[in-house]
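To start, the structure under review is shown below, and the notes come after it.
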There are 2 protein chains.
Amino acid sequence: MDPALLNNHNINNLKKSGVNLHIKNIYTKLAQEDLDGLLVSSPANISYLANFTSRDSYFLISKKENIYITDSRYTQEAKKHLQKIATIKKSNGSIFRIIADLCRDLGLKRLAFEERYLPFAEYKKIKEELSKKGDLIPTHDLVEELRQIKNAEELEKIKKASEISIKALRFIKDFISEGKKEIEVAAEIERFIRYNGARSSAFDIIVASGPNSSFPHHLTSQRKIKNNKPVLVDIGVDYLGYKSDLTRVFFLGKISSTVRGIYDIVRRAQEKAIRRIKPAVHINKIDVVARQYITQKGYGGFFGHNLGHGIGLEVHEEPHISSKGRGVLKPGMVFTIEPAIYLPNKFGIRLEDIVLVTQKGCEILSGTLHK
Amino acid sequence: MDPALLNNHNINNLKKSGVNLHIKNIYTKLAQEDLDGLLVSSPANISYLANFTSRDSYFLISKKENIYITDSRYTQEAKKHLQKIATIKKSNGSIFRIIADLCRDLGLKRLAFEERYLPFAEYKKIKEELSKKGDLIPTHDLVEELRQIKNAEELEKIKKASEISIKALRFIKDFISEGKKEIEVAAEIERFIRYNGARSSAFDIIVASGPNSSFPHHLTSQRKIKNNKPVLVDIGVDYLGYKSDLTRVFFLGKISSTVRGIYDIVRRAQEKAIRRIKPAVHINKIDVVARQYITQKGYGGFFGHNLGHGIGLEVHEEPHISSKGRGVLKPGMVFTIEPAIYLPNKFGIRLEDIVLVTQKGCEILSGTLHK
């Protein structure tokens with residue numbers, strides 16, 4: 001984190017001024033890179049800057065004025081929530097003209113945009129509308145970098161989202177039984193989480209029984225659960241915009257020694273990775289520790305995906321915990337640790353927890369849940 | 001629809017050859033525009049061409065070879081479903097290099113891409129990797145145009161998705177009562193649809209009671225339902241990838257004459273629009289009919305969004321039924337008709353049905369539901 005940026009853990013000043021800390025940090029970054037404004041098009045980035053669940057909108061950030069551009073479906077709620085930090089501009093289809101006109105009116109000569117979240121067609125249209133009035137400059141990670149470090153308010157929401165997921169996994173343990181369909185298990189979880197404070201699930205709940213568990217992202221099906229086979233359940237909830245993501249494997253009846261053996265390898269791999277988590281450790285090291293252990297045990301070829309991913313306003317965000325991951329761990333980062341072994345057409349085991357990097361080590365936000 | 005394209009209603013040949021009709025139609029379009037291949041990046045477009053629910057993947061279509069590029073999470077299921085129509089290529093992070101290499105190996109000099117579904121950053125990377133080996137050509141609507149006309153198999157799925165929604169709205173009528181929270185209503189619907197054949201909900205269910213109904217896309221909240229106020233419920237389900245989208249307004253206790261009056265205007269506006277639906281009618285006309293009626297009644301300023309949208313593999317797709325809509329209605333198109341009046345901070349009424357354009361007029365797929 002750039003030392004010029006305001007301390008993200010201190011949000012006391014946030015409510016006093018019209019413009020919040022997150023936006024002020026973007027002002028700093030823009031000034032450092034000689035940019036006049038940033039067109040934010042990622043819904044999660046807008047939600048972060050506006051502290052408001054944004055959909056189908058654009059947010060133009062500049063020191064001169066912040067403009068929130070949306071359509072009639074969202075103008076009323078935008079006015080309610082954003083009036084202190086932004087001017088609300090209602091579009092009638094001509095968003096790109098509006099953006100170009102704003103650049104001219106505000107004198108923004110160098111407008112940055114989020115190259116990962118602007119489709120080529122929109123880039124082209126804005127460029128055409130701007131013509132020679134200003135430059136359109138691709139950027140990435142301006143907002144995402146800030147989002148990696150969670151403040152107290154964000155942590156509270158992620159913890160609450162995790163708690164609801166933990167409760168749901170405890171609840172569903174008793175429901176899972178022979179003859180129930182995968183989709184029925186998902187149905188009960190979807191209902192339960194909403195009675196327990198969640199806004200919605202954060203992604204399609206995965207219930208994968210028997211051989212279906214060998215597909216890392218199985219589409220929950222009409223398959224009936226059978227005894228003596230593992231049932232993998234991967235759930236996440238949305239609590240005021242912030243997400244959780246947890247996976248557990250349940251067993252009915254007898255567990256074969258093969259399944260038990262694989263389960264233990266995955267659990268040990270996770271323990272080994274989590275034990276290494278503390279500030280200043282290289283991100284790729286965490287992945288490598290778990291992967292090496294799984295490889296030593298002979299299953300390296302059956303663990304294809306990354307060890308984990310950051311979580312917050314999105315289910316998958318920075319930092320990605322992979323063997324190619326760059327940079328080091330910092331206090332306030334929150335991510336999953338989810339080693340797995342998938343044996344094609346047989347079964348798969350994945351264990352997923354959420355971890356917060358603290359000043360001295362880490363806290364497992366889902367630590368109270370059985371494994 | 002271009003006459004050179006194969007008849008989309010006839011899918012009998014589809015299973016015989018390795019390559020299906022949808023892909024063959026893309027071959028025709030590519031040949032017409034002197035293109036060697038199309039890089040499909042829209043998940044819905046890929047799902048349409050591959051007849052398989054695709055996620056986080058790219059599909060390169062060319063007469064020489066079709067290549068499905070995905071990562072380890074999806075390779076096993078891709079192999080299971082797509083082996084007859086495509087080569088499965090597992091990426092390890094270097095997707096853009098893979099695409100460039102494929103262009104070189106297959107001799108694709110003019111590669112089209114979907115400009116609305118490729119972020120600027122990805123465009124830039126592929127272009128860099130391709131360097132002078134080939135041209136990257138922006139296109140839009142190549143697949144979307146085909147998707148507008150549903151075949152028998154698709155219609156069956158949309159009808160099934162609609163039926164499940166209708167059932168759910170009937171079921172929830174009895175559940176809605178004073179003191180229940182909006183989110184609890186959503187919870188029960190989420191559970192119900194999965195016990196009745198849906199894979200998931202197609203979008204976050206909207207339950208908007210009292211003044212919340214004045215927000216067109218209200219985020220379902222912890223608010224308790226009160227007597228004598230409308231409760232708007234907007235739901236859609238996913239059935240084997242195909243979506244439904246229906247809205248009804250429920251009343252508890254007394255309905256004020258104002259609310260009743262607005263409700264009747266919205267219902268009449270919907271009837272008037274639906275009555276005009278038949279092949280060869282200009283799309284914008286349908287919107288205009290409903291909008292003019294609402295305007296005549298004095299509420300034109302309170303109906304901001306379009307009258308409807310196409311529905312299929314996506315909840316919102318072509319054709320958009322708006323006053324700026326181009327082209328004419330054609331048999332096989334499926335879209336919503338959803339006039340509304342929103343009185344800020346008071347209440348809102350929206351009625352939404354799904355309509356299929358037939359040879360002579362239209363069929364209301366959700367016609368059996370109360371209004």
Side-chain angles (χ1 to χ4, degrees), chain A residues 53 55-56 71-77 79-80 90 92-93 113-124 138 140 181 183-201 204-205 214-222 238 241 303-305 322 324 342 344-345, chain B residues 53 55-56 71-77 79-80 90 92-93 113-124 136 138 140 181 183-201 204-205 214-222 238 303-305 322 324 342 344-345:
Chain A
T53 300
R55 297 166 287 172
D56 297 333
D71 63 49
S72 77
R73 292 171 300 168
Y74 303 108
T75 40
Q76 197 194 340
E77 61 187 41
K79 278 179 188 161
K80 190 172 154 187
K90 188 165 97 177
N92 287 312
F113 71 97
E114 303 187 295
E115 62 173 354
R116 290 183 185 156
Y117 298 100
L118 198 72
F120 178 83
E122 299 190 9
Y123 162 80
K124 204 173 72 175
H140 57 262
K181 292 176 181 173
I183 193 77
E184 293 171 353
V185 175
E188 297 299 337
I189 296 172
E190 289 284 1
R191 178 179 183 276
F192 182 91
I193 59 170
R194 287 171 176 80
Y195 273 95
N196 285 274
R199 182 186 274 171
S200 63
S201 48
D204 280 353
I205 290 170
S214 70
F215 297 97
H217 275 190
H218 170 61
L219 285 170
T220 302
S221 77
Q222 299 287 333
D238 180 307
F303 173 36
H305 57 67
S322 86
K324 292 172 189 157
Y342 307 101
N345 305 315
Chain B
T53 300
R55 298 166 286 172
D56 298 333
D71 63 50
S72 77
R73 293 171 300 168
Y74 304 108
T75 40
Q76 199 195 338
E77 62 187 41
K79 279 179 188 162
K80 190 172 152 187
K90 188 165 99 178
N92 286 313
F113 71 98
E114 303 188 296
E115 63 174 353
R116 289 183 185 158
Y117 298 100
L118 197 73
F120 178 82
E122 298 189 9
Y123 161 81
K124 204 173 70 175
L136 207 49
H140 57 261
K181 292 177 181 172
I183 194 77
E184 292 172 354
V185 174
E188 298 298 337
I189 296 171
E190 289 283 1
R191 178 179 183 275
F192 182 91
I193 58 169
R194 287 171 176 80
Y195 274 95
N196 285 274
R199 183 187 275 173
S200 63
S201 48
D204 280 353
I205 289 170
S214 70
F215 297 96
H217 276 189
H218 169 61
L219 284 170
T220 302
S221 78
Q222 298 288 333
D238 180 307
F303 172 36
H305 57 68
S322 86
K324 293 172 190 156
Y342 308 101
N345 305 316

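By convention in this document, chain letters (A, B, ...) are assigned in the order of the sequence lines, proteins followed by strands, and residues within each chain are numbered from 1.
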Option in Lys80(B), Lys181(B), Lys124(B), Lys90(B) with maximal non-hydrogen atom pairs under 4.5 Å from chain A: Lys124(B)

Heavy-atom contact with chain B under 4.5 Å, split by part of Gln222(A): side chain

Arg191(A) with Glu190(B): basic N within carboxylate O range, under 4.0 Å: no

Straight-line distance of Ile183(B) CD1 to Ile193(A) CD1, nearest 0.5 Å: 8.5 Å

Choice from Arg55(A), His218(A), Glu77(A) maximising heavy atom contacts with chain B below 4.5 Å: Arg55(A)

Pairs of heavy atoms under 4.5 Å with chain B: top-ranked of Phe192(A), Tyr117(A), Tyr74(A): Tyr74(A)

Separation between OG1 of Thr75(A) and CZ of Phe215(B), rounded to the nearest 0.5 Å: 10.0 Å

Distance, nearest 0.5 Å, that separates NE2 of His217(A) from CZ of Arg73(B): 5.0 Å

Phe113(A) portion near chain B, given a 4.5 angstrom heavy-atom threshold: side chain

Chain B contact via Lys324(A) - which portion, at a heavy-atom distance below 4.5 Å: side chain

Separation of Phe303(A) CZ from Ser72(B) OG (nearest 0.5 Å): 8.5 Å

Choice from Gly304(A), Ala198(A), Ser201(A), Ser322(A) maximising heavy atom contacts with chain B below 4.5 Å: Gly304(A)

Value rounded to 0.5 Å, distance of OH in Tyr195(A) from CD in Glu188(B): 3.5 Å

Proximity breakdown for Asp204(A) and chain B, heavy-atom pairs closer than 4.5 Å: side chain

Toward chain B, the part of Ser221(A) with a non-hydrogen atom under 4.5 Å: neither

Lys79(A) NZ: over 12 foreign heavy atoms closer than 6.0 Å: no

pair Asn345(A)-Gln76(B): side-chain heavy atoms closer than 4.5 Å: yes

Interface moiety of Pro344(A) toward chain B, non-hydrogen atoms closer than 4.5 Å: both

4.5 Å side-chain heavy-atom contact, Glu115(A) and Pro119(B): no

Side-chain heavy atoms of His140(A) within contact of Phe120(B), under 4.5 Å: no

Non-hydrogen side-chain atoms of Leu219(A) and Arg199(B) separated by less than 4.5 Å: yes

Validation row: Glu184(B), Arg194(A) side chains within 4.5 angstrom (heavy atoms): no

